[in-house]
Amino acid sequence: MIKVQREDFDIGVELAALSQGRDNVGAVASFMGLVRDVAGPGALSAMTLEHYPGMTERQLEQLEAEALARWPLDRVLIIHRHGRLLPGDRIVLCAATSSHREAAFEACAFLMDWLKTKAPFWKLEEIDGKSSWVAARQDDEDAAARWQNNNQSE
Amino acid sequence: MIKVQREDFDIGVELAALSQGRDNVGAVASFMGLVRDVAGPGALSAMTLEHYPGMTERQLEQLEAEALARWPLDRVLIIHRHGRLLPGDRIVLCAATSSHREAAFEACAFLMDWLKTKAPFWKLEEIDGKSSWVAARQDDEDAAARWQNNNQSE
Amino acid sequence: MKVLYFAWLRDRVGLSEEIVEPPVDVATVGELIAWLAQRSPGHGEAFADPTIVRCAINQDYAKAHERFNAGDEVAFFPPVTGG
Amino acid sequence: MKVLYFAWLRDRVGLSEEIVEPPVDVATVGELIAWLAQRSPGHGEAFADPTIVRCAINQDYAKAHERFNAGDEVAFFPPVTGG
């Protein structure tokens, strides 16, 4: 399931819905990303997430399908917020449910790596009163590259 | 933080408390284990988790310290329930927070692998009216063994 | 055809979208970038280094050599930084 | 000294704990298992295969060759299955 939204989310409610009535799901791996005060305490006043409506949903649906095809999962959840967020705010939630914990963990890491390099979101940081676009990181590219040889167990 | 308890937990409340006021925490990896209906729909009526009070807390505190020593984490949370649980009930929650998502993911997988092989809990399954103790699994031993050569990046 | 700009590409171009009619010999993403870069100083600045510009045709990633059609939605943006 | 039993070891022994006084030549975990196995048919059944019995001395894992002291809390249980 894919949700691209301005609103906050409740991980407890979301994960309960994901495994509700699925009695063969023993493993729920999840990752939550928060707005981080990268420049030191109090320096970051806000972060605005811009995205490409339409393409975002399209990319995340492809990502969900890819994860379901690669691992023995029951379900996948990706929630990504956009708009103006404050330090400590929730940005993203990825979750994968399975009867196998290794599959759930690996799929969840895969979702995050792919999302960091493929989902059309851009972060604008406000630090000390100045706004600047966050630059993409090479190590996110490297992390995503490890999934490209179609090797499920790394 | 370690919690060994009979009561259910709310992952949203627990994870919010874990990152509360920690503005350099961008990554929250977590794993939740649920009671799984291993024998097919409706066959498992309940699962009772017995533990060794005192030793459990002692082992989990060692595990927490080990994770904090191995990875650049901010905090670790382990909640493990005991008592009689029903299919779909939450059993365990492991979480690790960090400024690096790889560290959070790896630490969380480490916590679960160690917990499966070291924490003194035993599962008694009630299937079709008969109670039997769950046998330990060799692949849990194998999963735990990969952390023993002190290699942080597997 | 409709062209969209996001993040600092939009800031530099000064538009979030525009309707353009490139000549028929402009057929690939790379050629479109070179053509758009001539439209204004802002466009020139946005496309100054094409290696850090990403493109999507109809909401799927497209590389410089790929061709577009007249009715396509073509978007330009920096490398993504979500998650 | 106090000996604790958990899970199917407790079921077979029929006790969750007991106070025992092994002779002085019983000094290691392995020797204690052999000595306890003689106490009753239930004990014998619980310790029939020592390779699948785990031991903790004062709540830390202990192997067969390790020694215990008179005041220790010694626990026996199957391989763990939590998580």
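Keep in mind that what you see is a predicted model, and the values were worked out from it rather than measured. Computed from heavy atoms alone, side chains included, the values below leave out hydrogens, waters and symmetry copies.
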Selection from D/A56, D/A75, D/G82, D/P79 maximising heavy-atom pairs under 4.5 Å formed with chain B: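 Top option by heavy-atom pairs under 4.5 Å: D/G82.
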Rounded at 0.5 Å granularity, tell me how far CE in B/M55 sits from CZ in D/F6.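 If we round to the nearest 0.5 Å, B/M55:CE and D/F6:CZ are 9.0 Å apart.
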How far does OG1 of D/T81 sit from CG of B/D140, to the nearest 0.5 angstrom?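 With rounding to 0.5 Å, OG1 (D/T81) is 9.5 Å from CG (B/D140).
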Please give me the minimum heavy-atom distance between D/Q59 and B/Q59, naming the atom from each residue.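 Smallest interatomic distance, heavy atoms only, reads O-NE2, 3.4 Å.
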Interchain contact, B/Q62 with chain D, by part (heavy-atom threshold 4.5 Å):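 Looking at B/Q62, just its side chain touches chain D.
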Name the region of B/H51, side chain, backbone, both or neither, that has any atom closer than 4.5 Å to a heavy atom of chain D.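 It is the backbone, since no side chain atom gets that close.
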Answer yes or no: is there a donor N or O on one side and an acceptor on the other, between the side chain of B/H80 and the main chain of D/G83, under 3.5 Å?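 Such a contact is found between B/H80 side chain and D/G83 backbone.
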With only heavy atoms counted, which part of D/D11 is less than 4.5 Å from chain B, the side chain, the backbone, both or neither?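 The answer is the side chain of D/D11.
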Is it the backbone or the side chain of D/I52 that comes under 4.5 Å from a heavy atom of chain B, or both, or neither?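 Neither part.
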Sequence-distant partners of B/D8, salt bridge (charged side-chain N to carboxylate O under 4.0 Å, His left out), two or more places apart: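 For B/D8, the residues satisfying salt bridge (charged side-chain N to carboxylate O under 4.0 Å, His left out) (neighbours in sequence not counted) are B/R81, B/R90.
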Just to be sure I understand the criterion: a residue of residues 109-137 of chain B counts if one of its heavy atoms is under 4.5 Å from a heavy atom of chain D. Which ones qualify?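 Expected list: B/M112, B/L115, B/K116, B/T117, B/K118, B/A119, B/P120, B/F121, B/W122, B/K123, B/W133, B/V134, B/A135, B/A136.
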